[in-house]
Q: 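The following block contains the structure, expressed as structure tokens.
In what follows, residues are counted from 1 in the order of the sequence shown.
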Amino acid sequence: MSNKVAGAGIMTPIYQAFERWIDPYRIESALPPTTAFGFIWHYVRQARWAFVAMLVLGGLTALVEAGLFWFVGLIVDMLATADPAAGWQGLMDTHGWTLLTMLLVVLVARAMIVTLNALVEEQSFVPGFFNLVRWQAYRHVARQSYSWFQNDFAGRIVTKVWQAGQAVGDFMVSLLQVIWFTVVYSVTTIGLIGALDWRLAAIVIVWLGVFGLLARHFVPRIRRNAKEAAEASSMINGRIVDNYTNIQTLKLFGSESRDDAYVRDGMETFRQTTIRFTRGITGVRVSLAVTGGIMMSAIAFMSLDLWLKGAISAGSVAFTLGLVLRLNMLLGRLMTQLNGLLRNYGTIQNSMEMIAQPLQLTDRPAAKVAERSKGAIAFDKVTFAYSGSKPVIDRFDLVIKPGERIGLVGPSGAGKTTTVNLILRLFDVTGGAITLDGTDIRDLTQESLRAQFGVVSQEPILMHRSIRANIAYGQPGATDAEIEAAARKANAHEFILGLSDQRGRTGYDAHVGERGVKLSGGQRQRVAIARVMLKNAPVLILDEATSALDSEIEAAIQENLFSLMEGKTVVAIAHRLSTIAAMDRLVIIEGGRIVQEGSHEVLLRDETGLYARMWKRQSGGFLPLAEAAE
């Protein structure tokens, strides 16, 4: 045990030196290219010296491997001329320096090359380069617009980001370990046996030429099929993740059979693309086996014929046959690896098409970092339409003063949530402008802009982390006391203390499950409110913030919500009009336009107006305004 520990201690500094060679979290702002090899080079150039080292070491390994067969031939020739009666002394007197050189190559040079190769690949390349690709792919995709993520499966996106690192890394390892090794070994083989007789080298050259023709015939279709298989793989992964994410809906509708068919259809698509891919691989392997058999037989016949004629020695026959047998094994390995190589290339192409997409919503080159806002928001003739559809917001003008509390009211589909999303710049306006404190929000960095807002949405989504981490997301570095205070204000502290998860974590340490599924809707809402209370941003956006709460809980936190609104600009959306009737001003939206404005009392005077009609439909079942405001 002590020897193992001591050995590990000796090697640790060496391991660490190679592990620090490639920075796995390097920041790269350039957009990845949209061609497969350009995409690969985009990442390879960031670790080019490690690749150069692998290239050199891989070439040296191939030279040493070929040299070993040459050594075998020399030994056979030595033994053919040596006198066994002279023993080791006689052998050393005649061939001592040659044998010593062989020994040093086998024991020292070969061991050093293999060790360095392993250190570069396993300590630098695998943990460094693989994660560099994943990290940069993740960062780029995470900065895509909100609408971009709405158009795809989350599981499919994750699969492509994660597979990109694995595929680029595996592709380069195969390229250097198999293809480069085979190239160097093949050239060395041609040189060594060509020195014996040009006809032997000619057979090897013809063999490699036939191999190239086979590759030219099979590789393009295999590459095409590999790309289809990668796309089908990410598609079926997306379907499965989508089903598991919405497992409650599947069970409530008793739709297991329908969803089994949905997933099976995706799996069958994947199976068919895999079959097309593997048929190409099988064709390659069969063709290679036939070609290899013919070429090895020809070289063996030629070698024996030359020996019979006295043109070459028995040792030359031995190392020639050893070299070509090894070459056949390498070409077979290359074709075996072709499956993974082209599958990885197809995966790279498939991932590249998503990862290399330009960001749809970016900061302007001269975008400023926003200071803490005063809360003045203005819409100036704003128009917005989702791609290819008619405008959702049409020539929208609205001025919100610092500290003013605004309620957005309107029927479903009127554009209320879209209006809020435009303020947050989750989408860019189609026309007009939105300003914060007089500055066009497009002239501010997105991160600093959104830091000015505290948002509680109708369906708050929590991360699969602890309750503490979810609340502290509003203010990184918050103390436990601050987190607990925010939870108390949101009337969440008591239920949090009673939480536990499957790993035995309790209270604020309990994890809430993916998207917060382990909590009820009301509990998620209260945690989200606590998070916003802790953030304490100058502008507060409440999109149905209390819709998931029962009346008793809503009344318990209403006072704290009104306290939170003090000194802040507030934009609130609620279908329950009683919850926003006490706002300073209500803005009534219909069809993407403002149709009414005013306080609750003023709007009720227009009995034919949209607000009065909506209030009349709801007022029978809601608290009077005075109680709602308390």
Side-chain angles (χ1 to χ4, degrees), residues 244-252 417 453-537 540-566 568 570 572-576 578-580 582 621-623 627-630:
Y244 287 167
T245 301
N246 297 287
I247 193 67
Q248 183 183 33
T249 302
L250 268 62
K251 292 186 177 298
L252 290 176
T417 298
F453 299 91
V455 183
V456 182
S457 61
Q458 183 175 2
E459 296 180 4
I461 303 300
L462 305 184
M463 291 164 286
H464 186 24
R465 305 176 189 175
S466 67
I467 289 283
R468 178 181 287 102
N470 271 283
I471 296 176
Y473 208 77
Q475 183 184 313
T479 65
D480 288 348
E482 290 170 331
I483 292 169
E484 183 177 323
R488 288 182 182 277
K489 290 178 181 177
N491 201 39
H493 179 69
E494 295 301 324
F495 86 77
I496 289 173
L497 293 181
L499 292 176
S500 63
D501 62 26
Q502 76 280 7
R503 293 191 180 180
R505 294 169 294 209
T506 60
Y508 285 86
D509 293 320
H511 284 222
V512 299
E514 186 177 14
R515 300 168 68 88
V517 295
K518 294 183 179 180
L519 304 182
S520 68
Q523 289 173 331
R524 287 198 299 272
Q525 200 94 29
R526 281 180 274 169
V527 171
I529 291 171
R531 181 164 59 193
V532 169
M533 287 179 167
L534 186 61
K535 184 176 183 180
N536 194 31
L540 188 61
I541 294 179
L542 305 174
D543 187 355
E544 296 286 353
T546 58
S547 62
L549 307 179
D550 58 45
S551 299
E552 184 177 349
I553 295 296
E554 181 179 11
I557 68 170
Q558 196 74 265
E559 183 178 345
N560 285 322
L561 270 177
F562 275 100
S563 174
L564 180 64
M565 293 179 190
E566 287 298 323
K568 301 182 190 303
V570 180
I573 299 173
H575 286 107
R576 287 191 293 187
S578 59
T579 63
I580 59 171
F622 288 92
L623 296 172
E627 290 184 48
E630 289 180 358

Q: Do L542 and I580 have side chains that approach each other closer than 4.5 Å (heavy atoms only, starting at C-beta)?
A: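 Sidechains of I580 and L542: no contact.
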
Q: V527 versus F495: any side-chain heavy-atom pair under 4.5 Å?
A: yes

Q: Checking L462 against R531 for the side chain to side chain contact (heavy atoms under 4.5 Å, CB included) test, could you report, in this order, the C-alpha distance in whole Å, the side-chain angles of both residues, the deciding distance, and whether it holds?
A: CA-CA 10 Å; L462 305 184; R531 181 164 59 193; 3.9 Å; yes

Q: Specify the closest pair of heavy atoms between D480 and R468, including all atoms of both residues, with the distance to one decimal.
A: OD1-NE, 3.1 Å

Q: Minimum heavy-atom separation for D501 to D509, with atom names?
A: OD2-O, 4.3 Å

Q: Show your reasoning for whether side chain to side chain contact (heavy atoms under 4.5 Å, CB included) applies to N536 and K568.
A: CA-CA 9 Å; N536 194 31; K568 301 182 190 303; 2.5 Å; yes

Q: To the nearest 0.5 angstrom, please state how far the CZ atom of R488 sits from the CE atom of M533.
A: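 Rounded to the nearest 0.5 Å, the CZ-CE separation comes to 14.0 Å.
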
Q: Are the side chains of L519 and I467 in touch, meaning some heavy atoms are under 4.5 Å apart?
A: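 Heavy-atom side-chain distance check passes, below 4.5 Å.
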
Q: Any side-chain heavy atom of Y508 sitting closer than 4.5 Å to one from L497?
A: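 Yes; the side chains approach each other to less than 4.5 Å.
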
Q: Which pair of non-hydrogen atoms, one from A487 and one from I471, has the smallest distance, and what is that distance?
A: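 Closest heavy-atom pair between A487 and I471: CB-CD1, 4.2 Å.
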
Q: What distance separates L534 CG from E482 CD, expressed to the nearest 0.5 Å?
A: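 The CD atom of E482 is 6.5 Å from CG of L534, to the nearest 0.5 Å.
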
Q: Return the CD1 to NE2 distance between I483 and H493, rounded to the nearest 0.5 Å.
A: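 One finds 12.5 Å between CD1 of I483 and NE2 of H493.
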
Q: Taking all non-hydrogen atoms of both residues, which atom of A537 and which atom of G454 are closest, and how far apart?
A: CB-N, 3.4 Å

Q: Answer whether the closest heavy-atom distance between the side chains of K518 and L499 falls below 4.5 Å.
A: no

Q: Between OG of S457 and CD of Q525, what distance do you get to the nearest 0.5 Å?
A: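 CD of Q525 is found 7.0 Å from OG of S457.
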
Q: Tell me the closest heavy-atom pair linking K535 and F453, and the distance in Å.
A: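 Scanning both residues, the minimum pair turns out to be NZ-O, 2.5 Å.
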
Q: Is any side-chain heavy atom of L540 less than 4.5 Å from a side-chain heavy atom of M565?
A: yes

